[in-house]
Novice: 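Quick one: structure below, then a few questions.
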There are 2 protein chains.
Amino acid sequence: MSRKKTGRRAPTESDVAKVAGVSQSAVSRAFTPGASVAEDTRKKILKAAQSLSYQPNLMARSMATGRSNIIALAISSLENPFYAQVVKELSEQLRETGRHILLFTTSPDGAADPELERVLSYQVDALILTATTASLELTLQCQKTGVPIVQINRESKLPGISTVRGENQRAAERIADFFVAAGHTRFAFIGGSKGSNISEIRQQAFAGRLKLAGFDHVDVVHGNYTFEGAAAATRTLLEKPDRADAIFCASDYMAFAALDVVKREFGLGVPEDIAIVGVDDVPEAGHAAYDLTTYSQPAAALAREAIKIIDSQIASPGRRAQRREVRGQLILRGSTRLPPEGVLTIDNKKVWQS
Amino acid sequence: MSRKKTGRRAPTESDVAKVAGVSQSAVSRAFTPGASVAEDTRKKILKAAQSLSYQPNLMARSMATGRSNIIALAISSLENPFYAQVVKELSEQLRETGRHILLFTTSPDGAADPELERVLSYQVDALILTATTASLELTLQCQKTGVPIVQINRESKLPGISTVRGENQRAAERIADFFVAAGHTRFAFIGGSKGSNISEIRQQAFAGRLKLAGFDHVDVVHGNYTFEGAAAATRTLLEKPDRADAIFCASDYMAFAALDVVKREFGLGVPEDIAIVGVDDVPEAGHAAYDLTTYSQPAAALAREAIKIIDSQIASPGRRAQRREVRGQLILRGSTRLPPEGVLTIDNKKVWQS
DNA sequence: GAGGCTTTTGCATGCGCATGCAACAGTAAA
DNA sequence: TTTACTGTTGCATGCGCATGCAAAAGCCTC
């Protein structure tokens with residue numbers, strides 16, 4: 001009876017058509033919003049489809065329409081809760097418009113990943129990169145075929161790549177101001193990888209602002225956005241003779257490592273001996289174990305903007321690449337001491353508005 | 001010149017064929033390992049493909065072959081680092097065989113998610129569920145069309161669903177033994193959701209084993225596998241008059257919440273006043289901020305087994321559902337006091353071998 | 001150089017769906 | 001009743017690739 005072992009193939013529109021006594025195209029139209037079908041026949045068709053538990057074959061639909069409703073997401077550092085959050089937000093928000101994510105985990109330096117070049121084989125409607133950057137080849141390919149690329153949290157010199165990010169410049173400056181206001185005098189910065197432009201922007205802004213306040217030196221080390229890397233970087237910092245009393249970390253995740261090392265390995269007090277600030281405001285930053293002061297970078301908003309860009313690029317393919325910034329704020333917790341003024345409580349959170 | 005604005009369509013096999021001066025089928029064969037093509041023509045074709053930067057259209061290939069090389073992954077609780085790790089492992093291991101993940105984030109009770117029913121529209125080769133369970137309808141659909149389903153870390157009563165899990169029973173019993181050996185006398189269990197069978201298995205095994213040792217009562221609360229939920233559950237526990245001195249949490253992530261509440265909110269000492277043990281051994285458990293004793297459940301191995309099952313089911317579709325267990329061990333850290341004996345140090349980690 | 005083989009190639013078709021076009025039915029207006 | 005539409009339907013085709021089959025081209029052997 002059955003075609004082959006277990007695998008009788010899934011029902012197709014033709015099967016439904018036969019049952020409903022109509023043509024295959026009628027069935028197709030019944031499932032195409034806005035197509036021309038009489039209400040009666042549509043009902044008849046839907047009933048037949050139901051009885052066969054028919055599901056449209058999206059691959060075939062993609063072939064016919066040239067639109068797959070699949071968005072490729074390339075990501076590194078999934079162990080960093082911030083990026084896990086971004087993935088979750090993107091997935092949920094895309095789902096609202098019936099789209100789904102094809103996941104590519106890559107190295108932090110995505111430009112070096114040949115696997116990623118093959119992403120276009122899947123006929124994805126767009127490409128989102130988070131915590132990675134696109135190679136030149138990939139970018140050209142995408143432009144040629146009209147596939148929008150958006151990078152979240154990584155800048156790009158390449159034209160044709162849109163970007164979404166938090167307030168890097170402003171965050172770094174505010175943190176510098178904040179440290180100064182709280183009376184700190186010796187500063188350090190734990191950056192991501194040396195190649196990460198975002199990290200460098202923060203570093204420049206941080207150092208620049210401190211210079212204005214009369215502090216010429218910032219101790220800079222790199223944690224490569226990993227926990228172990230940041231821990232090692234922190235050790236380097238703390239072993240120096242005139243060690244910092246205020247550390248700005250380029251991500252919360254690295255700040256957690258710094259906290260671990262400062263408190264447990266070196267037995268120093270936070271914030272008495274050393275103040276630590278991160279960026280992102282991941283949920284863990286609010287947990288008692290870390291209780292980290294941080295400049296927020298809302299994942300949901302980043303995801304939303306990225307999707308908006310994609311949609312606008314798909315709607316009008318000629319469109320130029322866009323750059324968007326999402327606002328955040330400095331959220332005060334126990335890893336820093338409070339400056340004498342400027343502390344407000346909003347929505348049950350302490351923030352700093354100098 | 002150009003077809004439409006920016007979007008000149010991607011080159012196809014026919015385009016390559018024209019350039020190489022062969023037929024489309026020759027091109028197809030050149031890209032099909034094991035197909036019959038002369039070495040010369042293959043080279044000629046590859047060169048032509050290169051010059052056009054041709055990429056095969058995987059949608060079309062899927063249509064023709066009935067195999068998409070896409071695996072659907074449904075997951076909830078992505079904020080739990082354990083599951084982030086599972087995603088990462090699955091992604092990386094699947095990539096080695098040229099397959100990719102189509103991501104579905106769902107609620108913990110996936111069976112209630114109608115969106116997930118549509119997963120088969122994508123013609124995925126298999127379906128992996130982690131931290132969720134499949135509905136009956138979905139299961140039937142999959143069986144009908146021969147798509148294997150594997151659940152990671154969730155049991156299933158439905159036939160036809162394969163499962164992969166850690167040592168739930170054994171973990172719970174070992175932890176019970178361990179608590180007793182360390183001299184604890186009042187026990188509590190913080191479970192996941194009431195519907196989670198895995199959580200219940202652990203609870204039963206934990207309570208059962210304690211009973212054997214003469215302890216009849218275990219305080220049970222539920223944290224729904226969320227941080228906030230576990231924190232609330234812990235508060236409930238600690239407010240009781242004769243509160244526990246040893247808590248077993250059904251996941252590390254919930255254990256972190258418990259630690260936060262115990263230490264900061266109630267100012268109790270860990271492990272002096274209360275010992276806490278989790279399950280998973282996520283990287284964070286080893287971080288100084290938590291330093292959690294836990295029964296490990298290696299994500300890489302879980303992913304590997306899941307993929308093995310999928311492969312075997314794809315290879316021989318008639319195959320029955322499989323159930324596999326991945327071994328772990330009790331890793332001792334600072335959230336528990338050490339029993340007088342049985343403590344070994346292996347690979348720089350303390351484990352308990354009674 | 002002819003017959004028998006193997007290897008290589010092209011032709012034709014199908015996968016499941018969308019869609020332009022023509023045929024058709026139904027309705028209202030003349 | 002005829003005409004002019006509007007709204008529905010089916011037909012035919014194409015999306016890009018894989019593959020069975022037959023034709024063609026080599027290759028060997030005698």
Side-chain angles (χ1 to χ4, degrees), chain A residues 3-4 7-45 48-49 52 54-70 118 120-125 145-146, chain B residues 3-4 7-45 48-49 52-70 118 120-125 145:
Chain A
R3 286 264 162 257
K4 300 179 183 178
R8 16 182 229 282
R9 45 178 259 305
T12 71
E13 285 193 346
S14 302
D15 298 328
V16 177
K18 220 169 294 169
V19 172
V22 296
S23 73
Q24 174 262 322
S25 22
V27 179
S28 171
R29 285 193 250 268
F31 284 96
T32 307
S36 166
V37 214
E39 197 46 38
D40 288 3
T41 48
R42 146 168 282 139
K43 270 185 199 146
K44 195 168 51 180
I45 291 173
L52 293 176
Y54 164 78
Q55 304 246 115
N57 180 328
L58 295 190
M59 295 272 162
R61 180 175 292 177
S62 305
M63 280 217 51
T65 60
R67 178 71 50 86
S68 69
N69 281 324
I70 293 181
R118 247 160 287 169
L120 289 180
S121 291
Y122 285 95
Q123 312 303 109
V124 296
D125 291 348
T145 51
Chain B
R3 287 263 160 257
K4 300 180 184 178
R8 23 180 223 281
R9 44 179 261 304
T12 71
E13 286 193 344
S14 303
D15 298 328
V16 177
K18 219 168 295 169
V19 172
V22 296
S23 74
Q24 174 263 322
S25 21
V27 180
S28 172
R29 286 193 247 272
F31 283 96
T32 306
S36 166
V37 214
E39 197 45 40
D40 288 2
T41 49
R42 147 167 283 139
K43 270 185 198 144
K44 195 169 52 180
I45 291 172
L52 293 177
S53 52
Y54 164 78
Q55 304 247 115
N57 180 330
L58 295 190
M59 295 273 161
R61 180 175 292 177
S62 305
M63 279 217 54
T65 61
R67 179 72 49 85
S68 68
N69 282 324
I70 293 181
R118 244 160 290 170
L120 289 180
S121 293
Y122 286 96
Q123 312 303 108
V124 296
D125 291 348
T145 51

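Chain letters run A, B, ... following the sequence lines, proteins first and then strands; every chain starts at 1. Everything numeric here is computed off the predicted structure, so don't read it as measured data.
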Novice: With sequence neighbours excluded, what pairs up with R118(B) under the salt bridge (charged side-chain N to carboxylate O under 4.0 Å, His left out) test?
Specialist: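 Applying salt bridge (charged side-chain N to carboxylate O under 4.0 Å, His left out) to R118(B) gives E115(B).
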
Novice: Ignoring hydrogens and geometry, is there a side-chain-to-backbone donor-acceptor pair from R42(A) to A30(A) under 3.5 Å?
Specialist: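 Side chain of R42(A) to backbone of A30(A): a pair is present.
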
Novice: Can you pull out the residues from residues 30-41 of chain B that lie within a 4.0 Å heavy-atom distance of DNA chain D?
Specialist: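 Going residue by residue through residues 30-41 of chain B, none turns out to have a heavy atom under 4.0 Å of DNA chain D.
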
Novice: Sort and list the pairs that fulfil side chain to side chain donor-acceptor pair (under 3.5 Å) and have at least one residue in residues 31-41 of chain A, not counting sequence neighbours.
Specialist: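 Side chain to side chain donor-acceptor pair (under 3.5 Å) check on residues 31-41 of chain A returns no pairs.
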
Novice: Who pairs with D125(B) by salt bridge (charged side-chain N to carboxylate O under 4.0 Å, His left out), at least two apart in sequence or on another chain?
Specialist: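 Testing D125(B) for salt bridge (charged side-chain N to carboxylate O under 4.0 Å, His left out), a comparison that skips the adjacent residues, returns none.
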
Novice: Can you name the nearest heavy-atom pair linking A10(A) to T145(B), along with the distance?
Specialist: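 In this case the closest contact between A10(A) and T145(B) is CB-CG2, 3.7 Å.
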
Novice: Using the C1' atoms of the five pairs at each end, what is the angle between the end axes of the helix from dG1(C)-dC30(D) to dA30(C)-dT1(D), to 10°?
Specialist: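 Answer for the end axes of this duplex: 40°.
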
Novice: If you look at every strand shown and take non-hydrogen atoms under 4.0 Å, does V22(A) touch a base, only sugar-phosphate, or nothing?
Specialist: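 Sugar-phosphate, no base atom in range.
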
Novice: If you look at every strand shown and take non-hydrogen atoms under 4.0 Å, does T65(A) touch a base, only sugar-phosphate, or nothing?
Specialist: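 Counting heavy atoms under 4.0 Å across all strands, the contact made by T65(A) is with sugar-phosphate only.
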
Novice: Could you list, one pair per line, each protein nitrogen or oxygen that sits under 3.5 Å from a nitrogen or oxygen of nucleotides 11-16 of chain C, together with the distance?
Specialist:
residue: dC11(C); atom: N4; partner: S25(B); partner atom: OG; Å: 3.0

Novice: With salt bridge (charged side-chain N to carboxylate O under 4.0 Å, His left out) as the rule and sequence neighbours excluded, what pairs involving residues 12-35 of chain B come up?
Specialist: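 Those involving residues 12-35 of chain B are R9(B)-D15(B).
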
Novice: Mind checking side chain to side chain contact (heavy atoms under 4.5 Å, CB included) for M63(A) and listing every partner two or more places apart, or none if nothing turns up?
Specialist: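 Side chain to side chain contact (heavy atoms under 4.5 Å, CB included) list for M63(A), sorted by chain: M59(B), A60(B), M63(B).
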
Novice: Taking only residues two or more places apart in sequence, or in another chain, which ones meet L58(A) in a side chain to side chain contact (heavy atoms under 4.5 Å, CB included)?
Specialist: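 If we apply the side chain to side chain contact (heavy atoms under 4.5 Å, CB included) test to L58(A), skipping adjacent residues, the hits are R61(A), S121(B), Y122(B).
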
Novice: Could you check whether any side-chain N or O of S68(A) sits under 3.5 Å from a backbone N or O of Q123(A), counting only pairs where one atom can act as donor and the other as acceptor?
Specialist: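 Side chain of S68(A) to backbone of Q123(A): a pair is present.
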
Novice: For S25(A), what residues pass the side-chain hydrogen bond (donor to acceptor under 3.5 Å, both in side chains) criterion, not counting sequence neighbours?
Specialist: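 Once residues adjacent in sequence are excluded, the partners of S25(A) under the side-chain hydrogen bond (donor to acceptor under 3.5 Å, both in side chains) criterion are S23(A).
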
